Amino acid sequence: GGGGGALNQSTETFSLSARVPEGGITAGLSAVVEEARRVEQFGFTASELERAKRSTLSFYERAYNERTKTESGSYAGEYVSYFLNGEPSPGIEYEYALIKDAMPGITLAEVTARFRERLSASNRVLLATAPEKPEVKPPSAEELTRALRAAEVKTVTAWADDATDGDLLAKKPQPGAVVSRRQLADLGVTVLTFSNGVEAWLKQTDFKNDQVLFSMYASGGASLATPGDYINASLATSYVGLSGAGGHSATNLEKMMAGKRASATPFISLSSHGFNGSSSPAELETALQLLYLQFTAPGEDPQAFALLQKQLKSMVANRGRSPGEVFGERIEQINASNHYTAQPLTPEVVDTIDRRAMAAFYKARFTNAADFTVFMVGTFNPDTAVPLLAQYVGSLPSTGSRTSRFRDLGIAFPSSIERATVEKGKEPRSQTVISFFADPSADPNEQERIGAATTVLETALRDMLREELGQTYTVGVGLEQDLPQRGDGHVTVRFGAAPENIKAMSDRVLAEVKRLQQEGPSADLTQRARESARRGYETALKQNGYWLRRLQSIHMLGGNPSDILTRNSRIDAITPAILQETFRKYMPLDRYTVVTLVPAPTPAAP
């Protein structure tokens, strides 16, 4: 990559960088230098500049369209930059008009010249970093310099940019028919069913001026894979993403989408699979075309698989050297009772992944459109959106009835108390995660109660551990549960501190949970939890993402959609007595785990 930056308020920088596998530093340096020299000698191409212009204009256009919905944080950032750096802040109306006026006049020669100015050889710094491993010897300064010099004299040729002016779809599909329509009037949701069995839930909002969010999901996901094929199933969308779709390579798809605010990305999670997408209202058709292509014509490219395997090998090469990574893996393994879904990715596992198995699992999940339900929330016109959905979703291949359902994998939280210590790293700091078995049903009352209990416990621990004792860096409490899977849900309490304080703090956490079980929380703590929930709920109701997630979650778990609007009554019903019972029920003192990260012992002097 490449881009500008700053060392401080008076020193700007321009950097070119590469991330490489072990032993690849000099090769990466050579590649970066060669590409820089290619631009120096031949300049950028007209198509590259055009894509850059489209992307820039798109960024400013979205900011302009959302100018009446701009959130406070954006204004605060503008004011800080103006105050600290003297960066002009004329407002988006002025900036957008300026960009539209200036952009057509920016020439290829000007852009190339500006790039060349930034490649001065008189004031550059070469920095290389690598993990400290006995078996990997980093290059010396002399070796880096030689690689740099060799690349600077190597012959380069002009870049040939592939043409990307074609359409995503060579032929548009015939639309499916809308066979039923109903209203959820209290939610402002229209539910359609298409002739291929796909159901679509549509909610228009005015929360944003230029945003449409959508998802399409089916029950199943990686739970449908055999234990031996679980890794292939989990990586299938990564492989397809690198392979492209509809006869377009991933690189060309990226070029074709430059400046377009439209996306559709496939996912395979533990219990579901589908697509997540977004667009501006004007580019909804493009986003749905991407979905259609990835459903009906996913790429299968051996070179993409080789790239994926290379990336994964590079990623896991230093597995075990990061204290935080090892700590997280150990927590997951213990809390899932060493279930196969909780096993880390290792170099040995990467060697076993299978391209054909990945492609076969992906295609098996995306064959029957009747398994899927679409949710769309945002600023769209139903008169436009419904015909587009009919064309690109209602036309997807289907057997006519739902056949896919997730499989209960039997993941189980430990049945007793377990403790483990991870000795890793050199920093004089420790972290502990205490996890209590908690696997509430999807019932909104139960979920509200456990949510309030975690807020109460976090507030109490923060007051006690950080403000009173000054012993912890941070403390957090939350429910971790992957519904609809059941059996391994748990409430986690996370905190960090100096190693000498960690044992006493763990004891204080357990003592506080016991106290809350015996005495219940105070009226003040309960009220603070209710107020926090109300504020969060009030904000969430004005966000497209919240509505999309809640509608899909309730549908997946078989709940009542109207519960979205009645949360305040559940919040109001929270009392100290209810919370006391919740602590007893969902934070059992005979079924929890404690995993602690401490610095590795210092080797004895010889």
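From a predicted model like this one, the values you see are computed outputs, not experimental measurements. One-based numbering along the sequence shown.
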#### Entry: Short N-O contact, Asp572 and Arg534, less than 4.0 angstrom
yes
### Message
Any salt bridge linking Glu117 with Arg114? Criterion: basic side-chain nitrogen under 4.0 Å from a carboxylate oxygen.
### Response
yes
### Message
My understanding is that only residues two or more places apart in sequence, or in another chain, count here; which of them pass side chain to side chain contact (heavy atoms under 4.5 Å, CB included) with Glu35?
### Response
Arg38
### Query
Under 4.5 Å between any side-chain heavy atoms of Leu483 and Leu557, yes or no?
yes
### Message
Do Leu312 and Leu235 have side chains that approach each other closer than 4.5 Å (heavy atoms only, starting at C-beta)?
### Response
yes
### Task
Given side-chain contact (heavy atoms from CB on, under 4.5 Å), test Tyr239 with Thr237 step by step and report yes or no.
CA-CA 5 Å; Tyr239 169 51; Thr237 53; over 6 Å; no
### Query
Atom OG in Ser532, atom CD in Gln527: separation rounded to 0.5 Å?
11.5 Å
#### Entry: Arg570 and Thr566: side chain donor to acceptor below 3.5 Å
yes
## Note on the structure
Closest non-hydrogen atoms of Tyr392 and Pro173, given as atom of the first, atom of the second and distance, are CE2-CD, 3.8 Å
### Minimum heavy-atom distance Gly241-Ala250, with the two atoms named
O-CB, 3.5 Å
### Message
Salt bridge check, Glu152 against Arg37: does any charged N sit closer than 4.0 Å to a carboxylate O?
### Response
no
### Task
Determine whether more than 12 heavy atoms belonging to other residues, nucleotides or ligands lie under 6.0 Å from atom CD of Glu531.
yes
### Query
Between Leu192 and Val198, does a side-chain contact (heavy atoms from CB on, under 4.5 Å) hold up when you go through it step by step?
CA-CA 8 Å; Leu192 310 174; Val198 176; over 6 Å; no
#### Entry: Residues that Glu199 engages under salt bridge (charged side-chain N to carboxylate O under 4.0 Å, His left out), provided they are two or more places apart
Arg182
### Message
Whether the side chain of Thr455 engages the backbone of Gly451 through a donor-acceptor N/O pair (distance < 3.5 Å, no angle test) should be reported.
### Response
yes
#### Entry: With sequence neighbours excluded, residues passing ring pair (Phe, Tyr, Trp, His ring centres under 6.0 Å) with Tyr292
none
#### Entry: Residue list, ring pair (Phe, Tyr, Trp, His ring centres under 6.0 Å) with Phe372, at least two apart or on another chain
His273, Phe295, Phe366
### Task
Provide the full list of salt bridge (Lys or Arg N to Asp or Glu O under 4.0 Å) pairs with a residue in residues 286-298, sequence neighbours left out, each pair given once.
none
### Message
Checking Tyr217 now: which residues fulfil ring pair (Phe, Tyr, Trp, His ring centres under 6.0 Å) with it, not counting sequence neighbours?
### Response
His555
### Task
Decide yes or no for Phe380 and Thr384: does some side-chain heavy atom of the first lie under 4.5 Å from some side-chain heavy atom of the second?
no
### Query
Should Thr526 and Ile574 be marked as a side-chain contact (heavy atoms from CB on, under 4.5 Å) after you check the CA-CA gap, both sets of side-chain angles, and the distance that decides it?
CA-CA 8 Å; Thr526 303; Ile574 298 296; 4.1 Å; yes
### Summary
Distance col, row Leu213:CG vs Ser279:OG, nearest 0.5 angstrom, shows 8.5 Å
### Message
Quick one, Met216 and Leu291 - any side-chain contact, counting heavy atoms below 4.5 Å?
### Response
yes
### Message
Quick one, Thr107 and Leu49 - any side-chain contact, counting heavy atoms below 4.5 Å?
### Response
no
### Message
Which residue in the set Trp547, Phe375, Phe214 passes ring pair (Phe, Tyr, Trp, His ring centres under 6.0 Å) when paired with Trp201?
### Response
Phe375
### Query
Between the side chain of Lys53 and the main-chain N/O of Met103, is any donor-acceptor distance below 3.5 Å?
yes
### Task
Could you name each residue pair satisfying ring pair (Phe, Tyr, Trp, His ring centres under 6.0 Å) that touches residues 71-90, not counting sequence neighbours?
none
Side-chain donor-acceptor pairs under 3.5 Å in residues 85-97, sequence neighbours left out?
from, atom 1, to, atom 2, distance (Å)
Ser89, OG, Glu78, OE1, 2.9

Show every donor-acceptor pair shorter than 3.5 Å between a side-chain atom in residues 257-269 and any protein atom, with sequence neighbours excluded, or say none if there are none.
from, atom 1, to, atom 2, distance (Å)
Arg261, NE, Ser58, OG, 3.1
Arg261, NH1, Asp210, OD2, 2.4
Arg261, NH2, Glu61, OE1, 3.2
Arg261, NH2, Asp210, OD2, 3.2
Ser263, OG, Ser278, OG, 3.3
Ser269, OG, Ser272, N, 3.3
Ser269, OG, Ser272, O, 3.0
Ser269, OG, Ser272, OG, 2.9

### Message
Tell me if the NZ atom of Lys542 is crowded by more than 12 foreign heavy atoms within 6.0 Å.
### Response
no
### Message
Within the 4.5 Å heavy-atom criterion, are Phe327 and Val433 side-chain neighbours or not?
### Response
yes
### Task
Find the distance between OG (Ser238) and CG (Leu308) and round it off to the nearest 0.5 Å.
6.0 Å
### Query
How would you list all residue pairs meeting salt bridge (Lys or Arg N to Asp or Glu O under 4.0 Å) that involve residues 266-285, not counting sequence neighbours?
Lys172-Glu285
#### Entry: Distance-only donor-acceptor check, side chains Thr205 and Asn544, under 3.5 Å
yes
### Message
Please find the pair of heavy atoms, one from Gly244 and one from Leu253, that lie closest to each other, and give the distance.
### Response
CA-CD1, 4.0 Å
### Query
Above 12 or not: heavy atoms from other molecules or residues under 6.0 Å from CD of Glu34?
yes
#### Entry: Between Glu254 and Thr251, a side-chain donor and acceptor under 3.5 Å
no
### Minimum heavy-atom distance Ser562-Asp186, with the two atoms named
OG-OD2, 2.6 Å
### Task
Start with the C-alpha distance between Asp524 and Arg528, add both sets of side-chain angles, then the distance that settles salt bridge (Lys or Arg N to Asp or Glu O under 4.0 Å), and finish with yes or no.
CA-CA 6 Å; Asp524 176 64; Arg528 289 162 69 180; 3.5 Å; yes
### Task
Would you name the heavy atoms of Ser215 and Asn276 that are closest together and state the gap between them?
CB-OD1, 3.6 Å
### ring pair (Phe, Tyr, Trp, His ring centres under 6.0 Å) partners for Phe115, two or more places apart
Phe14, Phe44
### Query
Hey, mind stepping through Arg494 and Glu458 against salt bridge (Lys or Arg N to Asp or Glu O under 4.0 Å) and telling me if it holds?
CA-CA 10 Å; Arg494 300 173 179 268; Glu458 181 175 296; over 6 Å; no
### Task
Scan Arg181, Lys203, Gln204 and name whichever one has a side-chain contact (heavy atoms from CB on, under 4.5 Å) with Thr190.
Arg181
### Message
Looking only at the side chains, is there a donor atom on one of Gln481 and Gln447 sitting less than 3.5 Å from an acceptor on the other?
### Response
yes
### Query
What pairs with Arg549 under salt bridge (charged side-chain N to carboxylate O under 4.0 Å, His left out), at least two apart in sequence or on another chain?
none
### Query
Do Asn8 side-chain atoms and Thr11 backbone N/O form a donor-acceptor pair below 3.5 Å?
yes
### Query
When rounded to the nearest 0.5 angstrom, what is the spacing between CG in Leu541 and CD1 in Ile564?
8.5 Å
### Any Asp206 side-chain heavy atom under 4.5 Å of Thr379 side chain
no
### Message
Regarding Asn209 and Thr68, do their side chains bring together a donor and an acceptor under 3.5 Å, going by distance alone?
### Response
yes
